[in-house]
Number of protein chains: 2
Amino acid sequence: MGIKPINIAQKFDKFSDVWSPKIVSELNGQFVKLARLKGEFVRHQHIDEDELFFVIEGVLEIEFDTNTITLNPGEMVVIPKGVYHKPIAEQEVKVMLFEPKSTINTGDINSDLTKDQLDRL
Amino acid sequence: MGIKPINIAQKFDKFSDVWSPKIVSELNGQFVKLARLKGEFVRHQHIDEDELFFVIEGVLEIEFDTNTITLNPGEMVVIPKGVYHKPIAEQEVKVMLFEPKSTINTGDINSDLTKDQLDRL
């Protein structure tokens with residue numbers, strides 16, 4: 001059958017670089033990705049794609065233009081398309097991302113942080 | 001702004017019925033759902049939709065026609081469309097589901113367990 005469970009913790013053990021999402025699964029045109037975040041990311045939006053952040057470990061702040069939210073482990077947020085956001089991780093954070101295959105991490109911004117070729121775990 | 005974190009544990013505290021997925025968020029034509037599972041579900045397939053199970057608490061078995069997998073907390077699986085599967089939870093399990101808005105819990109099977117009107121938490 002080949003349908004295997006995916007152990008999230010074990011997948012995180014396979015990489016250590018930050019701001020570099022890895023693909024762990026896909027379904028219905030969407031990717032499930034894991035990423036380690038540390039420091040301040042670039043403010044950006046995704047013009048056509050909503051984006052889900054689910055925090056596995058650590059505390060993630062997401063700055064919007066008018067407010068900031070804090071996500072603890074076991075908390076998630078969906079950022080609608082067209083909403084500028086800036087993830088900030090004072091300490092390292094492990095997140096699961098759920099978004100369309102077309103989504104680029106820095107959205108409409110070209111940056112040294114842009115990753116357009118993602119590894120699969 | 002109105003973009004708020006969703007605390008998964010708090011959402012689970014809002015319901016106790018089993019085999020009755022609740023919608024907690026949506027993005028890109030997909031729903032994020034939470035469900036409590038206990039006992040044996042009906043074997044079914046989703047003809048056009050892949051389905052993601054992510055176990056938050058408990059141990060979930062999923063029977064396929066040729067093998068069975070076991071999912072522990074922190075483990076997920078994607079069941080491709082067209083694959084018959086039967087979830088079994090010996091003890092109560094909390095799962096997060098990710099699937100297209102069109103997905104019905106019992107797929108191609110009409111059953112007393114079929115839920116075609118889902119509550120939102």
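Below, read A as the first sequence line, B as the second, and so on, with proteins coming before strands; counting in each chain starts at 1.
For A/F98, the parts sitting under 4.5 Å from any heavy atom of chain B are the backbone and the side chain alike. Contacts between A/V55 and chain B at a heavy-atom distance below 4.5 Å are absent for every atom of the residue. With a 4.5 angstrom heavy-atom cutoff, A/I8 touches chain B via backbone and side-chain atoms both. Contacts between A/K81 and chain B at a heavy-atom distance below 4.5 Å are absent for every atom of the residue. Neither the backbone nor the side chain of B/K11 comes within less than 4.5 Å of any heavy atom of chain A. Of the atoms belonging to B/Q30, it is side-chain heavy atoms, and not backbone ones, that fall under 4.5 Å from chain A.
Ion pair A/K101/A/E26 flagged as a salt bridge, since at least one NZ, NE, NH1 or NH2 atom sits closer than 4.0 Å to an Asp/Glu carboxylate oxygen.
No donor-acceptor distance shorter than 3.5 angstrom exists from the side chain of A/R36 to the backbone of A/P21, with no hydrogens or angles considered. Checked by atom type and distance alone, the side chain of B/N105 pairs as donor or acceptor with a backbone atom of B/L113 at under 3.5 Å.
For the pair A/K86 and A/F41, the cation does not sit on the ring face, since its NZ or CZ is not both under 6.0 Å from the ring centre and inside 45° of the axis.
Note: B/N28 leads B/I6, B/L27, B/N28, B/N7 in heavy-atom pairs under 4.5 Å with chain A.
Note: the hydrophobic cluster containing B/V24 does not contain A/I69 (ILVMFWY, side chain heavy atoms under 4.5 Å, direct or indirect links).
Taking all atoms of both residues into account, the shortest heavy-atom contact from A/W19 to A/K115 is O-CE, 3.6 Å.
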